[in-house]
Amino acid sequence: MWNPDEETLPTPDGGVSPGDASALPSEPSSAASGPASDDPQRILAEVFGYPSFRGAQRAIIDCVIGGDDALVLMPTGGGKSLCYQIPALARPGCGVVVSPLIALMQDQVAALRQSGVRAAALNSAQPAADIRATERALAAGELDLVYIAPERLVLPRTLELLEHCVIALFAIDEAHCVSQWGHDFRPEYIQLSVLAERFPNVPRLALTATADGPTRREIVSRLGLSGARQFISRFDRPNIRYRIAQSDAGGGSARNRLLRFIQDEHPGEAGIVYCLSRKRVDAIADWLSSQGLVALPYHAGLASAERERNQTRFLKEEGVVMVATIAFGMGIDKPNVRFVAHLNLPKSVEAYYQETGRGGRDGLPADAWMLYGLQDVITLRQMLEQSTADDGHKRVERHKLEAMLGLCELTTCRRQALLAYFDDELPDPCGNCDTCLDPPATWDATVPAQKALSCVYRTGERFGVNHLVDVLRGRDNERIRGFGHHQLSTFGIGADIETNEWRGIFRQLIARGLLRVDVEGYGGLKLDASSRPLLRGEATVHLRREAKPVRPARRPSSHTRIAAEDFDIADQALWEALRACRRRLADAQGVPPYVIFHDATLSEMVQLAPTTLEQMAAVSGVGVAKLERYGDEFLAVIRLQLDI
Ligand code: ADP
Ligand code: ZN
């Protein structure tokens, strides 16, 4: 059970010694009425400083406190952590959290300790002495929560230790890692089935932000959760604005457009830029740095020390842009990531949803911004076909890539399509995606599409887009002559359409499956059976008109958006002073600033301007332990700034 004073350990039997009360913080008075509580509402207020539960949190918490198993599907930022942290505090014994990313456990543990929760981590990154100390504390019933890496949890030694402890619950975070079809598959997760066998009486809770139907079923069967209650939340992240643009459509190089996007819309703010290859990650990070941004690379080719250093800077400093491959991000719970940019197409809608979901976890506006082009489609198809996976697996991957392309080429609301993919329904267009804000024009592209298809056919279904466009536009060069393509009936029939437009047409035809990329060879295009009706004039095709990208209206940067619109100059100064105070406290302890207080909490301090500890306690995110630790310091900053 939760003991609000982390320094005072309970007696070995897990109970709380009577002496504890004396060590309680004297403010606010509510905490003095009892040393521990198993009432979820009270834990929420006193430990985490929040006034109310969100969405299904309360129902999930009650289910687990009652001893039942649960499967929780909630979007990133939805508030999954409280769903196991509060039952772990309310139930007798220690909550065991299985988490795949050891690098991030430390921050979670640090954040919990700030709130007075007795938390620890067990993973291979720790010195043996620390591991032994944590194991001893666990055995002695001195922990509320322990985070364990899956490979360590399934060691016979750990399982035996746990069998001798009172376990409040098992929480299996990122539960989709158990799925062999998924993109985050972790073989160790399969072995977690042992928990159901060895601890039949301990409630188990599987949590994930990614789960289409098949993945969900796999989680249930592999983790033995057929009796679990399922809590499936809305997948919508209304604060994220989705935008997908074509890099072939003109408007400057991808890197220039990225730079402009960051400079215009997110100056000085934290964000992630995803690229497909390590080389591109390095190049883009260098380029952004040379343009005066703080941009760091992250990919599996870097030495682990450098990766860790960069990740730490991203978490602890403000305004760092992380340029990364998909190796970066799972479990990153930095709340104030203001944008996630993709310079390449993700492999699936799940990956896109999850990667973009790392933006705006604090609920404040965030951008999901993507540029993709023809080459992405070709590269991804090649990677997929050349992989060593078996046919069944490839078929699934192909299907997923197609769904992703479909999302890109949409002319209707992207959020509706995204949610529909997760079997979630949004009745009306969202009004916060590019197709809603700036509806794309479509045009009847039947004739150019027929020309393109017949050019593919006449050249023998073995040439790539560049060559095909040259033939269509009637370019007279050596290569064309070498193949005798200047004599074809399709030579020069598309001179009226510019090269970039042709590339857009080909991209859309490939995206719609009317053309296939020959993956054995060098990316030559082939006709698909579905293109026959179009060629025979029995079908028409409407494509997106590729408008030259216009600069979106500039949005104010987020910290001015955080508070009321009329965040005046005095507020601005107070906001900066509070951030400086947070920085100082975070640096002194070597933790990320948000572990002290989130932006949303500081913003509320600006708005409420509390001048007493009591008023401070009413700010969302200020719990008993943090009030005790930091209340006076932040109050001093407020008084100084407001001159009172
Ligand atoms: P998830 O693990 O689902 O991605 P988190 O558990 O990290 O999300 O929660 C996201 C953010 O929302 C965190 O900053 C957390 O403190 C905050 N949060 C969660 N539940 C509540 C609540 N009931 N009231 C206020 N803030 C909350
Ligand atoms: Zn929309």
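Both ligands and their constituent atoms are indexed starting at 1 by order of listing.
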Visitor: Report yes or no: does Glu355 contribute a side-chain atom to a donor-acceptor pair with the main-chain N or O of Val340 at less than 3.5 Å?
Guide: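 Not at all, since once roles are kept as given, no pair shorter than 3.5 Å links the two residues.
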
Visitor: Identify, with sequence neighbours excluded, every residue that meets side chain to side chain contact (heavy atoms under 4.5 Å, CB included) alongside Pro335.
Guide: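 Partners of Pro335 under the side chain to side chain contact (heavy atoms under 4.5 Å, CB included) test: Asp362, Tyr594, His598.
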
Visitor: For ligand 1, output the ligand-protein N/O contacts shorter than 3.5 angstrom; if there are none, return none.
Guide:
| from | atom 1 | to | atom 2 | distance (Å) |
| --- | --- | --- | --- | --- |
| ligand 1 | 2 (O) | Arg361 | NH2 | 3.4 |
| ligand 1 | 3 (O) | Gly78 | N | 3.4 |
| ligand 1 | 3 (O) | Gly79 | N | 3.0 |
| ligand 1 | 3 (O) | Lys80 | N | 2.8 |
| ligand 1 | 3 (O) | Lys80 | NZ | 2.8 |
| ligand 1 | 4 (O) | Gly77 | N | 2.6 |
| ligand 1 | 4 (O) | Arg361 | NH2 | 2.5 |
| ligand 1 | 6 (O) | Lys80 | N | 3.3 |
| ligand 1 | 6 (O) | Ser81 | N | 3.0 |
| ligand 1 | 6 (O) | Ser81 | OG | 2.6 |
| ligand 1 | 7 (O) | Arg361 | NH2 | 3.2 |
| ligand 1 | 8 (O) | Gly79 | N | 3.2 |
| ligand 1 | 12 (O) | Arg54 | NH1 | 3.1 |
| ligand 1 | 14 (O) | His598 | ND1 | 3.0 |
| ligand 1 | 16 (O) | Tyr50 | OH | 2.7 |
| ligand 1 | 20 (N) | Gln57 | NE2 | 2.9 |
| ligand 1 | 23 (N) | Ser52 | O | 2.9 |
| ligand 1 | 23 (N) | Gln57 | OE1 | 3.0 |
| ligand 1 | 26 (N) | Arg54 | NH2 | 3.4 |

Visitor: Work out the angle at the Zn ion (ligand 2) between SG of Cys433 and SG of Cys430, rounded to 10°.
Guide: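 My answer is 110°, to the nearest 10°.
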
Visitor: Among all residues two or more places apart in sequence or in another chain, which pass the ring-ring contact (aromatic ring centres under 6.0 Å, His included) test with Tyr352?
Guide: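 Counting only residues at least two positions away or on another chain, Tyr352 forms a ring-ring contact (aromatic ring centres under 6.0 Å, His included) with His342.
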
Visitor: State whether the side chain of Arg237 and the backbone N or O of Thr76 hold a donor-acceptor pair below 3.5 Å, judged by distance alone.
Guide: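 Flag set: sc Arg237 to bb Thr76 pair under 3.5 Å.
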
Visitor: Mind checking side chain to side chain donor-acceptor pair (under 3.5 Å) for Asp376 and listing every partner two or more places apart, or none if nothing turns up?
Guide: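 Checked Asp376 against side chain to side chain donor-acceptor pair (under 3.5 Å); matches are Asn344.
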
Visitor: Donor-acceptor pair, Lys80 side chain versus Met74 backbone, under 3.5 Å?
Guide: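 Yes, Lys80 side chain to Met74 backbone: donor-acceptor pair under 3.5 Å.
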
